[in-house]
Amino acid sequence: MNIIELIQEQVVDCLSSQFDHKAKNADILVNVTSKTFEGDYTVVLFPFVKALRQNPQTLGDAIGKTLVEGGDTFTGYNIIKGFLNLEISASAWRKELANLFENKDTLGKIENAGVKTLVEFSSPNTNKPLHLGHIRNILLGWSCSQILKEVGQEVINTQIVNDRGIAVCKSMMAWKKTGNGQTPEQAGKKGDHFVGDFYVAYDQLLKAEYAEWQTTIKAEEVYNTHKKDDQTKEDFFKSYKNRYFNSYSSLGEETKEMLLKWEDNDPETKNLWKTMNGWVYDGFEETYKSLKVTFDQLYYESDTYLLGKDIIEQQLAAGKFYKEDDGSIWVDLTDRGLDKKILLRSDGTSVYMTQDIGTAKQRYDDHGMNSMVYVVGNEQDYHFKALFETLKLIEEPYSDALFHLSYGMVDLPTGKMKSREGTVVDADDLVAEVISEARSSAQENGNLESVDEVEREDIYSKIGLGALKYFIIKVHPKKRMTFDPKQSVDMQGQTGPYIQNAYVRIKSILRKNEDALAANMDAYDKIENAEKALLIDLLQFPSTLQEAAKQFDPSAIANYSFNLAKDFHRFYHEVRILNASDEAKAFRLTLIETVATILERSMRLLGIEMPSRM
RNA sequence: GGUCUCGUAGCUCAACUGGAUAGAGCAGCUGCCUUCUAAGCAGCAGGUUUCAGGUUCGAGUCCUGACGGGAUCACCA
């Protein structure tokens, strides 16, 4: 039992014995005392003032007196307005510290929650390399997965790889036409970038073809019949591009044929597809590796895009879905506050929903999970609402524990990222840049000159990635965020490296302490405010972790880590450790070692590694 | 237009289920390296929490309504 629970319990007892009022522990709101008042923890009395018809002063006095006299945990109290501020004794703090230190590796952990969760994240298309948007997705997914594991869930990291469709065929078509049989290796490019370049090339080809077509008589005719009011030719053709692609483009025609061939299992098409996707996967693999994330099992749309139809038919027969006159199948979610959604087209082919229902079922067959988290941008909020309600409607066994970890778009200071305008921030470039920034920053302060080359590079990478990852993950997932490249490589203030630096400072002290924790801290009875602040932080770790897991919110951990690091830096500046009195030294070494462990654990939950020096 | 979502310092972000005088960082200014790593610390300055009502002992937080940004409303994914 930690100090907060102890306060709650004693207050409950007191209310019961002295006022005959029954309350639960959770009813007692215990806060950290605001800096402007005396005390360590504060009990909020207002809720009981009314119920007990006592004024805050008498009520607070009664409770405060009982707590102080009832043992050696509390040394004093004061009441201001409806707040009862309690002062904790040095011996109680020492006890808390001893306990924290003892359990530092497992604090907040749950052994086995009996829950198996599948976390889906990243899920890219295979026609272009990963970019900044994917990075936010990947970091959220990875961190969420780590957090759920920490609270005792069995977690499976997965993706649904979008490896088929017209977009993929575009890259293939462009490669066929302009690639001259080249491979990424020959071109000296990473596979995903190599293929992505053909996707761009395809757009160029199409543009050229379109421009030429615009000079034809047919185009003139189309313009005259379809233009709106006084729309200029330029404006008209700009907005007509999609229609052109579908109706007139020979390149478009050829590409669509390719898609049909693919669906028909044409060997040549399938081979090319396999080869090019293979290149892309090699590239992705490298990016994931550089971000230090791994997956347990991948699902590919080429395998799952036909799934789901039988479930739809089955549930149609069971009366959960209904059929329109034209043969299309729908689910009616209007009594659940949503709309009617189509599940199967009139021609019997599937839509997004069909696949997602099928894939969920497939995953259940494979893993028997009882919970699923989908990390997908907030533009799909409605889709997931509908999907989850549908899965509930057909009573899938995992359907009461589905969560869409919906996150906001990443903007640049210049505005939205747009692939057409070339303002997309490439994932690999970004990683390389933050690491190189960390390198030059480290070389400037010269702390690593005695470290060998290999380890040095490893440290640069940890710091650079720490900066990048922290910058992104500190923002609450559902908020749209601005990504300023300049700020993302910042290593001062509220950043990953600032937190890493706190850890490094502790490690450095611990290295210098020869005689370990031999001394006894029992005689240490004048606990500094800076020390209390750290203890209070440490005691908050379990509830922060629970909250982060419950809300699927890594930013809670990020903010917690910063707070802890900040309080450590202040502590570090205010008190001496190695040349303090024996008992103070023992207390402080115990304290900082615990802080180091919790910092390291917190950051690991965010996918950030700690260097031991920097 | 319907639905969802966000709006906090010049900028980027916090604020546990409603709790005391709304906090950090960056940018700006001032100090601190013969003392355990200055990627640090301390200080100054910066706010009508978009606005208007309501609920209550108490509202950045909950409710209603405006205003502003974004998303979504396909037999696309």
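Reckoned from all heavy atoms, side chains included, excluding hydrogens, waters and symmetry mates. Residue numbering restarts at 1 for every chain, and letters A, B, ... go by the order of the sequence lines.
- Nucleotides B/C63 and B/A77 have their C1' atoms positioned 38 Å apart, rounded to a whole Å.
- Because its glycosidic torsion is within 90° of 0, B/C33 is reported here as syn.
- Between the CG atom of A/Asn246 and the P atom of B/A74 there is a distance of 18 Å, rounded to whole Å.
- Figure legend. B/G18 is base-paired to no nucleotide; pairs are counted as Watson-Crick or G-U wobble with both atom distances under 3.5 Å.
- Among the heavy atoms of the strands lying under 4.0 Å from A/His476 are primed sugar atoms or P, OP1, OP2 only; no base atom is included.
- The only option from A/Tyr407, A/Phe388, A/Phe121 that meets the ring pair (Phe, Tyr, Trp, His ring centres under 6.0 Å) definition with A/Tyr374 turns out to be A/Phe388.
- Heavy atoms of A/Ala167 sit nowhere under 4.0 angstrom from any nucleic acid atom.
- A straight line from CD of A/Gln57 to C1' of B/C57 spans 16 Å, rounded to a whole angstrom.
- Residue A/Phe562 is in sugar-phosphate contact alone, with no base atom involved, counting any heavy-atom pair closer than 4.0 Å across all strands shown.
- Here the side chain of A/Pro497 is nearest to one of B/A20, B/A39, B/G40, namely B/A39.
- Panel note: side chain A/Asn378, backbone A/Asp381; no donor-acceptor pair is recorded below 3.5 Å.
- Picking from B/A14, B/C11, B/U21 the nucleotide with the shortest atom distance to the side chain of A/Val475 gives B/A14.
- Looking at the side chain of A/Tyr572, the nearest of the listed nucleotides B/U37, B/U17, B/A39 is B/U37.
- Between A/Phe552 and A/Phe403, the ring planes lie parallel to each other; the angle is under 30°, not in the 30° to 60° tilted range.
- Using a 4.0 Å heavy-atom criterion, one finds that A/Asn31 contacts the bases of the nucleic acid, with or without backbone contacts as well.
- For A/Asn501, the side-chain atoms get nearest to B/G40 when compared with the rest of B/C16, B/G40, B/G25.
- Using the Watson-Crick or G-U wobble rule with both distances under 3.5 Å, B/U37 pairs with nothing in any strand shown.
- OP1 or OP2 of B/A71 has at least one side-chain nitrogen or oxygen of A/Lys416 nearer than 4.0 Å.
- Across the strands present, B/G65 finds its partner in B/C51; the criterion is a Watson-Crick or G-U wobble pair with both atom distances under 3.5 angstrom.
- Each of A/Ile147, A/Leu139, A/Leu140 was evaluated against A/Ser143; a single residue qualifies, A/Ile147, per the side-chain contact (heavy atoms from CB on, under 4.5 Å) test.
- Within the structure, salt bridge (Lys or Arg N to Asp or Glu O under 4.0 Å) pairs that include any residue of residues 568-581 of chain A comprise A/Asp567-A/Arg570, A/Arg570-A/Glu574 (at least two apart or interchain).
- Dashed line: the shortest gap from a side-chain N or O of A/Lys35 to OP1 or OP2 of B/A20 is not under 4.0 Å.
- The side chain of A/Thr482 lies closest to B/C13 when the candidates are B/C13, B/U72, B/A24.
- Side-chain N/O atoms of A/Asn559 and base N/O atoms of B/C13 include no donor-acceptor pair closer than 3.5 Å.
- When the nucleotides B/C4, B/G40, B/U21 are ranked by their closest atom to the side chain of A/Phe37, B/U21 comes out on top.
- Side-chain atoms of A/Ile463 lie closest to B/A39 of the nucleotides B/C36, B/A39, B/C4.
- A/Glu301 comes within 4.0 angstrom of sugar-phosphate atoms only, judged by non-hydrogen atoms across all strands, and of no base.
- With rounding to the nearest 0.5 Å, the separation of CD1 in A/Ile7 from CG in A/Leu29 is 11.0 Å.
- The distance between atom CG of A/Asp411 and atom P of B/U5, rounded to the nearest whole Å, is 20 Å.
- Within the 4.0 Å cut-off from OP1 or OP2 of B/A20, not a single side-chain nitrogen or oxygen of A/Ser34 is found.
- For residues 580-599 of chain A, the pairs satisfying ring-ring contact (aromatic ring centres under 6.0 Å, His included) are A/Tyr524-A/Phe587, with sequence neighbours left out.
- Checked against B/G25, B/G40, B/U37, the side chain of A/His569 finds its nearest nucleotide in B/G40.
- When the C1' atom is compared between B/U37 and B/C41, the two are found 13 Å apart, to the nearest whole Å.
- Nearest-nucleotide assignment on RNA chain B puts the 5′-proximal partner with A/Val30, out of A/Val30 and A/Gln355.
- Remark: P of B/G25 and CG of A/Asp490 are 13 Å apart, rounded to the nearest angstrom.
- Between the P atom of B/U12 and the OH atom of A/Tyr470 lies a distance of 17 Å, rounded to the nearest Å.
- With both pairing distances under 3.5 Å, B/C26 is matched to B/G10 as a Watson-Crick or G-U wobble pair.
- The residue A/Val351 sits close only to the backbone: its heavy atoms come under 4.0 Å of sugar-phosphate atoms, none of a base.
- Using a 4.5 Å heavy-atom cutoff, the side chains of A/Ile166 and A/Lys256 are in contact.
- At least one cation-pi condition fails for A/Lys474 and A/Tyr498: the charged atom is not both under 6.0 angstrom from the six-membered ring centre and inside a 45 degree cone around its axis.
- Residue A/Lys512 places at least one side-chain N or O under 4.0 Å from the OP1 or OP2 atom of B/U37.
- Residue contacts for A/Tyr498: at a heavy-atom cut-off of 4.0 Å it reaches the sugar-phosphate backbone alone, with no base atom in range.
- The A/Gln492 side chain lies nearest to B/G40 when the options are B/U21, B/G40, B/C16.
- Between B/A38 and A/Arg505, a contact under 4.0 Å exists linking OP1 or OP2 to a side-chain N or O.
- As judged by a 4.0 angstrom heavy-atom cut-off over every strand, A/Leu29 is placed among the base-contacting residues.
- In terms of phosphate contacts, A/Asn378 brings no side-chain nitrogen or oxygen within less than 4.0 Å of OP1 or OP2 of B/U5.
- Comparing B/A52 with B/C57, their P atoms sit 23 Å apart, to the nearest whole Å.
- Across the interface with RNA chain B, nearest-nucleotide mapping of A/Lys341 and A/Pro477 shows A/Pro477 to be the residue nearer the 5′ end.
- Comparing B/C41, B/U72, B/A24 by their closest approach to the side chain of A/Gln494 singles out B/A24.
- For A/Asp484 against B/U12, a side-chain-to-base donor-acceptor contact under 3.5 Å is absent.
- In this entry B/U72 has B/G2 as its Watson-Crick or G-U wobble partner, both defining distances falling under 3.5 Å.
- Proximity of A/Lys81 to the phosphate of B/U21: a side-chain N or O atom is located under 4.0 Å from OP1 or OP2.
- For RNA chain B, the neighbouring residues in residues 38-49 of chain A, judged by any heavy atom under 4.0 Å, are A/Thr42, A/Val44, A/Phe46, A/Pro47.
- A/Asp356 comes within 4.0 angstrom of nothing in the nucleic acid, heavy atoms only.
- Remark: A/Lys566 is in phosphate contact with B/G25, judged by side-chain N or O atoms under 4.0 Å from OP1 or OP2.
- Within the nucleic acid shown, A/Val575 comes within 4.0 Å of at least one base atom, counting heavy atoms only.
- The interatomic distance linking A/Met481 (CE) with B/G25 (P) rounds to 19 Å, in whole Å.
- Residue A/Arg480 contributes atom CZ, which lies 10 Å from atom C1' of B/C6 at whole-angstrom precision.
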